[in-house]
Amino acid sequence: MQPVADAPSDTPHGPLVEARDLVKQFGGLRAVDHMSIALHRGEMVGLIGPNGAGKTTLFNLIAGSLNPTSGSIRIGGVEVAQERPERRIARGIGRTFQIPRPFAEMTVLENVLTGSQGQSGERIWTNFLQPGRVAAEERQAVEKARALLDFVKLSGLEAEPARVLSGGQRKLLELARVLMADPETILLDEPAAGVNPTLLELIIDRVLELNGQGKSILLIEHNMDMVARLCGRVVVMAAGKLLTEGAPDDVSRNRTVIEAYLGEVAA
Amino acid sequence: MNPQLIMDGLIAGAMIGLGAIGITLTYSILRFANFAHGEMISWGAYLALAASSLFGTLSGALLKPIGPFSFGWSLPLAVLVAVALTAGLALLVDTLLFGLLRKHRSAIIIMVMASFGASLALRSLLEFIFTSKPVYFSKALQIALPLGGGLRATPDQMLALAIAALLVIAVHILLTRTAIGRSMRAVSENQQLAGVAGIDVRKVIRTVWVLGAGLACIAGVMAGLLVQIRPYMGFDLLLPLFAAAILGGIGSVPGAMLAGLIVGLAEALGVQLIGAEWRAAVAFIILVFVLLLRPQGLFGRAE
Amino acid sequence: MSVELVAYVAFFLTMALTYAVMCLGLNVQWGQTGLFNVGVAGFVAIGAYVSALLTTPDAPDRFGGFGLPILVGWLGAALATGLASFLVGWLTIRLRADYLAIATFGVAVTVQLVALNLQSVTGGPFGIGFIPRPFANLAGDPLAFSLLNLGVLIVVVVLLYLALEHLLRSPWGRVLRAIREDETAALALGKNATRFRLQAFAIGGAIMGLAGATQAHFVGFIAPDNYVPLLTFQVWAMLIVGGSGNNRGAILGAVLVWGIWAASAGAIASLFPPDQQARAAALRIVLIGVGLCAILLLRPRGILGEERVVSRHLARLKPSHRVASRPTPPDS
Ligand SMILES: Nc1ncnc2c1ncn2[C@@H]1O[C@H](COP(=O)(O)OP(=O)(O)OP(=O)(O)O)[C@@H](O)[C@H]1O
Ligand SMILES: [Mg+2]
């Protein structure tokens, strides 16, 4: 069930996403410290590490929300480290946020629709010059958005403003919203945090299904069980650095990891 | 270049610089562009005028010019009163308006808009009380003394420059060498953290208003002494003030003063080259170039 | 009702509707995008002067006019002002929020200065007269003339309203709302926030320019004095009173505030002796200034408030607007 150890081959240029020697400095704090990570096509990799290890910051760098102080990020072989964030989705990178960021006053369906890419109705004049084309595209988009809401079991709520959703539902909404953009690679920041067991199973299920459809996934998660169930390979970060990486079982038995991370739970 | 132009530019620049210090402080600590700051300049000038004539009626001796200057002891006394009153006015506006908006956690841009409303109300109130007719501290004409190198200045002008220089140094020392100055810088770095670290944020805010309004009042008195007093005098200075605050780098007191002098000199040069009626456009051109080339200003940090 | 009264009411409403157009423009910038423009008067002036130059008959003592049809003048006004807004926005929108405010303030000051001093183009302090008025051939019949002019303004406002609502409910409007709610999330979804803001700012500016042009052609002459900061302030008061973010609110606010403004002129003037009228005018501005601050404090959402907009093709879903007060609905 898990695409383990030998990852499928990639672009001719190497891995799908590859970060090398990334550094992110916040004033005196080095949140990411010469960190490297690679994600291959179709792979699902877990990213774990104690609180404050720099996982979310690494995500922000890969997703373009932050620019690295130094280092390189290649997506499909193209260097993108200093590119603006809104360009990243066109490169096939979609992300969710650790603390979900739905558009609170917009309806659930509209939230998902904002994920659609390249709609001609996003250009001012097309709305007046080719209203038929805009409407047709919008109908297609709505159909797709509804299917995605179905996929994350939010269909009944599509006309409600997103602010009424519970924490877990917001995570699912974000997932549907980013899927609307058809990203090749999805970065999931703690999709299961604060989610009740039923929703958790749903999320695990959906993530597995997406991976089965061929999407590459990088997953930050504190729930080791979940990581073990989902990921063939786990990367461990601590204090902004790469601590180790390997199969989930090996990693959770690794002494340094236990000291840095699991040890703090056991203590 | 005409040396006299340098003198005019320096004097206008000193007034702009004093006003810009207030703008830059409110901007860096209260975090909004205060469009009502120009009104502190006008109110300062009118309050000083009112106090000075009051002292004059109390004792005619106070009106007798001091040494080479055009004014008597009534003016320095009045300035003390006016500085206090202008600071009080700023604190009053903060209590009635900005403080309440802060409590409602209003967006920054709502504060900007409120300052715009306050500016209009305060200015028109001056017009209501004093009418729009220009008034003067003193009608006496002063002879400009040669300073060498073709430079000439009246005693009033030289005094204004000296006072501006002293004030900038004093404010700079206050900000860098005293406890309240350190608190102010901490709040400008990060208000929440500073609050958590036990800094009295409200005291810092009060200090900002008192300092900004006090300097504005003195700038207003200088403008009134060297030019004239009108309800629009502060509002007309607003664009140069913003240009100087941004050129100097938001939050930098020496930057604001230096930039004020640059704006003042550029205006004087502009007046010489294209005519006095275009003076106000000079600040706009400077503003555009700063935003285009170096939006963080001379002494500001890039975001 | 007497003919004079009808003509007066028509005149009043026409004037109010020119302000409504400005308000609609400001609503695109502020209400829908959150961009603060302190130079409304300057942008309105650009539109007024451009249209006047394009449409007035050739004048020997200044550049232009070109004697073009009124509609060309209006179009030119909207384009020129849109372009000016685009440049100002391009310069500042990527920077901190209030730099835009400061820059637009600078634009207003500079436009005022140019209008006053560039005599060979703008006519200097006396401005430009003989701006062609729509239906000028009917000027002999005040009633028909004023009603037809009112009709023109109503058509302009209705068309603009429909176009803006259309846009607001389009994918473009949806992205704009998303950016306003959470820029980081919108960026992560590939939306170029700066571009959308800039577009909104330019459109709003173009509408203000159009407003300036219609007003100029309705009044028949323009001068720098018409475009002082007070105008900016009035338009702001109108939008805030009506409810920013709401196009109907923008129109309502314009009519209402213009009504209060016109009425207060009479009321305050009657309280002061003739030689104190300048003072009376100043007092009126103080009251409006205080009023605006009070609204910002007490009822920042205005009379109508912002309405929840849903994209066109979803409108028939009609969500229950009161869901906010209910507990989270169960997962279905
Ligand atoms: N924008 C920022 N400015 C300053 N410091 C930051 C910023 N973002 C993150 N940090 C700091 O960087 C460090 C790493 O934070 P990050 O959010 O990446 O950790 P994390 O591994 O995701 O932790 P968690 O498991 O708790 O989510 C923390 O010390 C955090 O305080
Ligand atoms: Mg995190």
Side-chain angles (χ1 to χ4, degrees), chain B residues 23 27 31-35 93 96-97 100-101 104 106-133 231 235-236 238-239 242-243 245-246 250 274-275 277-281 283-288 290-292 295-296 303, chain C residues 30 34-36 38 87-88 90-92 94-103 105-114 116-119 124 228-230 232-234 236-237 239-240 244 272 276 278-298 300:
Chain B
I23 296 253
Y27 206 148
R31 299 188 187 284
F32 73 100
N34 180 14
F35 278 78
V93 173
L96 292 179
L97 189 60
L100 290 178
L101 286 171
H104 293 189
S106 301
I108 284 180
I109 217 73
I110 299 286
M111 309 272 275
V112 179
M113 194 191 301
S115 79
F116 191 63
S119 144
L120 197 85
L122 286 171
R123 180 166 70 250
S124 301
L125 194 57
L126 275 183
E127 215 175 329
F128 175 69
I129 301 171
F130 295 98
T131 77
S132 53
K133 222 172 75 176
F235 185 75
D236 289 344
L238 200 52
L239 193 55
F242 277 129
I246 294 179
I250 293 297
I274 49 177
E277 70 274 23
W278 293 102
R279 171 185 281 266
F284 182 65
I285 292 169
I286 292 178
L287 184 68
V288 167
V290 178
L291 293 181
L292 206 57
Q296 73 271 33
E303 302 220 346
Chain C
W30 168 250
L35 298 171
F36 189 53
V38 194
L87 289 177
V88 176
W90 176 80
L91 186 65
T92 49
R94 65 207 155 87
L95 306 172
R96 359 185 357 160
D98 22 16
Y99 279 15
L100 177 70
I102 296 170
F105 176 70
V107 169
V109 171
T110 310
V111 167
Q112 169 82 208
L113 207 65
V114 170
L116 213 52
N117 294 324
L118 203 63
Q119 204 127 4
V228 290
L230 177 63
T232 300
F233 193 71
Q234 285 170 324
W236 269 105
L239 183 62
I240 304 230
S244 61
F272 284 80
Q276 299 285 314
R279 284 205 152 147
L283 186 62
R284 195 155 66 118
I285 301 175
V286 175
L287 294 180
I288 293 264
V290 172
L292 181 82
C293 291
I295 293 174
L296 285 180
L297 278 172
L298 303 175

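Throughout, protein chains are lettered first and strands after them, A, B, ... in sequence-line order, and every chain is numbered starting at 1. On a predicted model such as this, the values are computed, not experimentally measured, just so you know.
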Rounded at 0.5 Å granularity, tell me how far CG in L91(C) sits from CG in L291(B).
5.0 Å

Look at the rings of F116(B) and F233(C) and say which category their plane angle falls in: under 30° parallel, 30 to 60° tilted, over 60° perpendicular.
tilted

Contact leader toward chain B among V109(C), L297(C), V290(C), L287(C), where contacts are heavy-atom pairs under 4.5 Å
L297(C)

Nearest 0.5 Å, what's the CZ-CD distance between F128(B) and Q276(C)?
8.5 Å

If I take atom OG1 from residue T92(C) and atom CG from residue L287(B), how far apart are they, to the nearest 0.5 angstrom?
9.0 Å

Is a side-chain donor or acceptor of R279(C) paired with a backbone partner of I129(B) at a separation under 3.5 angstrom?
yes

For the interface with chain C, which of H104(B), E277(B), M113(B) has the highest count of heavy-atom pairs at distances below 4.5 Å?
M113(B)

Non-hydrogen atoms of chain B under 4.5 Å away: do they reach the side chain of R284(C), the backbone, both or neither?
neither

If you compare all heavy atoms of A114(B) against all heavy atoms of C293(C), which two are closest, and at what distance to 0.1 Å?
O-SG, 3.7 Å

Spatial distance of atom CZ (F36(C)) from atom CD1 (I110(B)) [nearest 0.5 Å]
8.5 Å

If you look at every heavy atom in V286(C) and A121(B), which pair is closest and at what distance?
CG2-O, 3.5 Å

Heavy-atom distances under 4.5 Å only: say whether L87(C) touches chain B with side chain, backbone, both or neither.
neither

Rounded to the nearest 0.5 Å, the CG atom of L230(C) sits from the CZ atom of R123(B) at a distance of 9.0 Å

Proximity of F235(B) and F105(C) rings by center, below 6.0 Å:
yes

Residue from G289(C), A282(C), G34(C) scoring the most non-hydrogen pairs under 4.5 Å with chain B is A282(C)

With a 4.5 angstrom heavy-atom cut-off, which part of L125(B) approaches chain C: side chain, backbone, both or neither?
both

Rounded to the nearest 0.5 Å, what separates atom CH2 in W278(B) from atom CG in L116(C)?
8.5 Å

D236(B), L122(B), I250(B), L126(B): which one forms the most heavy-atom pairs within less than 4.5 Å of chain C?
I250(B)

Distance-minimising heavy-atom pair for A281(B) and L113(C)
N-CD2, 3.3 Å

Can you tell which part of L95(C) gets under 4.5 Å to a heavy atom of chain B, answering side chain, backbone, both or neither?
side chain

Toward chain B, the part of V114(C) with a non-hydrogen atom under 4.5 Å
both

Side chain / backbone / both / neither for L96(B) at chain C, heavy atoms under 4.5 Å
backbone

Looking at every non-hydrogen atom in both residues, tell me the closest pair between S124(B) and I285(C) and how far apart they are.
OG-CG2, 3.0 Å

Quick one: which of I295(C), V38(C), L283(C), I102(C) has the most heavy-atom pairs under 4.5 Å with chain B, could you say?
I102(C)

Contacting moiety of A101(C), where chain B heavy atoms sit under 4.5 Å:
both

Using non-hydrogen atoms and a 4.5 Å limit, figure out which bit of L292(C) sits close to chain B: side chain, backbone, both or neither.
side chain

